[in-house]
Asker: 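The structure follows.
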Amino acid sequence: MYAPPVQRLITELSKLPGVGGRTAQRLAFHLLRASEEEALALADAIREVKERIGLCEVCFNLADGPRCRICSDERRDRDVICVVEEPSDVISIERTHEFRGRYHVLGGALSPIDGVDPEDLKIAELYERVRGGEVREVVVATNPTTTGEATALHIAAGLREVAADITVTRLASGLPVGADLEYADELTLGRALAGRRAV
Ligand SMILES: [Zn+2]
């Protein structure tokens, strides 16, 4: 129905989350109508982000150098680490302005059914960080979902083994159960963070 390059664009766009076939087609036609400059700015932005953005060598947050903005910030507390599933969760927690510590991004949640085991996440790297002795508290802020809760329990048990003197806390209840952190509003998430309790 379409010339092969147009079909290719529609196919690639339809792979984006939340974009179905109809929307992909609309976006493709929008780009075809747009000026060359405008359309190529989008292509360049995608290329640049893939070429320049990697993972922080300390916390595995997104970074445009070896270390992310937060790990490079000397004003951030070193004795509290907040463990999250994805880099987008760092943004959600930063928006609350309730947290002054540092992060550790796991890269997902445990889900044996989907083949996600502890080795697939940055869990060993977390244990390595706390072994350094600087860390006093680890806030486990995985999502309040089945996989997020399973991950939190696994990490809490593991931390008790590698560093028994560390306080492990979990976000207070009040977050919508079954939803991801990124959907929680700042006020709710801020309260959950402020009211965190030991597990
Ligand atoms: Zn970092």
Side-chain angles (χ1 to χ4, degrees), residues 17 45-111 116-145 147-163 165-172 175 180-186 188-190 192-194 196 198-199:
I46 294 171
R47 188 184 307 277
E48 187 182 20
V49 84
K50 295 313 288 180
E51 284 172 357
R52 295 207 16 206
I53 305 294
L55 298 183
C56 172
E57 62 184 11
V58 178
C59 76
F60 307 98
N61 187 14
L62 296 177
D64 62 356
R67 292 197 177 190
C68 74
R69 190 178 51 79
I70 294 165
C71 288
S72 314
D73 185 349
E74 287 302 320
R75 292 165 304 178
R76 303 290 300 227
D77 300 337
R78 292 179 177 277
D79 57 349
V80 190
I81 291 181
C82 180
V83 177
V84 294
E85 295 182 22
E86 302 290 346
S88 56
D89 299 326
V90 172
I91 308 286
S92 300
I93 292 179
E94 284 298 284
R95 280 205 194 108
T96 69
H97 302 290
E98 286 281 347
F99 186 67
R100 294 289 311 147
R102 293 164 189 249
Y103 292 91
H104 191 87
V105 182
L106 296 170
L110 291 177
S111 181
V116 184
D117 297 313
E119 313 81 76
D120 300 311
L121 305 176
K122 305 293 185 192
I123 294 178
E125 289 84 349
L126 172 68
Y127 297 160
E128 205 47 54
R129 278 181 81 183
V130 302
R131 272 196 194 101
E134 264 185 338
V135 182
R136 184 179 48 81
E137 180 188 355
V138 173
V139 186
V140 185
T142 50
N143 291 327
T145 55
T147 55
E149 294 295 349
T151 310
L153 289 176
H154 178 90
I155 287 175
L159 284 170
R160 270 194 290 275
E161 264 177 47
V162 296
D165 51 336
I166 285 182
T167 305
V168 182
T169 55
R170 186 92 176 98
L171 297 183
L175 292 171
D180 287 355
L181 284 193
E182 61 179 309
Y183 300 120
D185 66 271
E186 284 140 55
T188 307
L189 188 52
L193 199 56
R196 64 188 187 262
V199 290

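Every number for a ligand or one of its atoms is a count from 1 in the order of the listing. Numbering starts at 1 and runs along the sequence shown.
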Asker: If you count heavy atoms of other groups shown closer than 6.0 angstrom to CZ of R100, is the number above 12?
Answerer: yes

Asker: Applying side-chain contact (heavy atoms from CB on, under 4.5 Å) between Y103 and each of I93, V80, V58, V139, report the one that passes.
Answerer: I93

Asker: What residue pairs, at least two apart or across chains, pass salt bridge (Lys or Arg N to Asp or Glu O under 4.0 Å) with a residue in residues 86-99?
Answerer: R76-E94

Asker: Given 3.5 Å as the limit, does a donor-acceptor pair link the side chain of R102 with the main chain of C71, or not?
Answerer: yes

Asker: Under 2.8 Å from the Zn ion (ligand 1), which protein N/O/S atoms are there?
Answerer: C56 SG, C59 SG, C68 SG, C71 SG

Asker: Using atom types as modelled and distance alone, determine if a side-chain donor or acceptor of T96 lies under 3.5 Å from a backbone N or O of G190.
Answerer: no

Asker: Supply the atom-to-atom distance I123 CD1 to H154 NE2, rounded to the nearest 0.5 angstrom.
Answerer: 4.5 Å

